[in-house]
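Worksheet for the structure shown next.
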Amino acid sequence: MEFKDIHIGMKCGSKKGSGTVTWLDGSTYTVYMVDCNNNNSFEVNINDIIEDPQAHNKEDSYY
């Protein structure tokens, strides 16, 4: 996924979990997100964003 494709308010999945984008830092390519389940903030590098049209929680299981 390209950094320019991400915007504030977008739901994204990452290796750290799913969340809503709250801030973007273009100088470091860091995406700041808030967790969908408990409102905890976390940050991920653009390379850790999962290119999947659906955002999944850590607890989700795949069949």
Side-chain angles (χ1 to χ4, degrees):
M1 181 174 285
E2 298 291 323
F3 191 76
K4 63 182 172 77
D5 296 331
I6 298 174
H7 56 84
I8 294 173
M10 180 178 183
K11 298 231 184 249
C12 293
S14 75
K15 296 175 183 176
K16 291 185 179 179
S18 298
T20 304
V21 177
T22 57
W23 191 255
L24 300 166
D25 185 349
S27 64
T28 60
Y29 293 103
T30 302
V31 179
Y32 296 89
M33 299 169 54
V34 64
D35 192 289
C36 294
N37 292 328
N38 56 21
N39 289 336
N40 287 337
S41 297
F42 61 99
E43 61 187 59
V44 296
N45 185 280
I46 183 64
N47 298 324
D48 293 331
I49 298 292
I50 298 170
E51 288 199 52
D52 188 349
Q54 297 177 341
H56 299 285
N57 295 324
K58 293 180 202 175
E59 296 82 22
D60 287 348
S61 59
Y62 297 90
Y63 296 96

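- Side-chain contact between Asn47 and Tyr29 is absent, with no heavy-atom pair separated by less than 4.5 Å.
- Within a 6.0 Å sphere centred on CZ of Phe42, heavy atoms belonging to other residues, nucleotides or ligands number more than 12.
- Between the NZ atom of Lys16 and the CG atom of Asn40 there is a distance of 12.5 Å, given to the nearest 0.5 Å.
- In terms of the side chain to side chain contact (heavy atoms under 4.5 Å, CB included) criterion, residue partners of Asp48 (sequence neighbours excluded) are, by chain and number, Lys15, Val44, Asn45.
- Here Ser41 pairs with nothing under the side-chain hydrogen bond (donor to acceptor under 3.5 Å, both in side chains) rule; sequence neighbours left out.
- In terms of heavy-atom proximity, Cys12 sits nearest to Val21 at SG-CG2, 3.9 Å.
- For the pair Asp5 and Met10, the tightest heavy-atom approach, listed with the atom from each and the gap, is O-SD, 3.8 Å.
- When side chains are defined from C-beta on, Thr30 does not count as touching Trp23, because their heavy atoms never get closer than 4.5 Å.
- For the pair Met33 and Ile6, the minimum side-chain heavy-atom distance is 4.5 Å or more.
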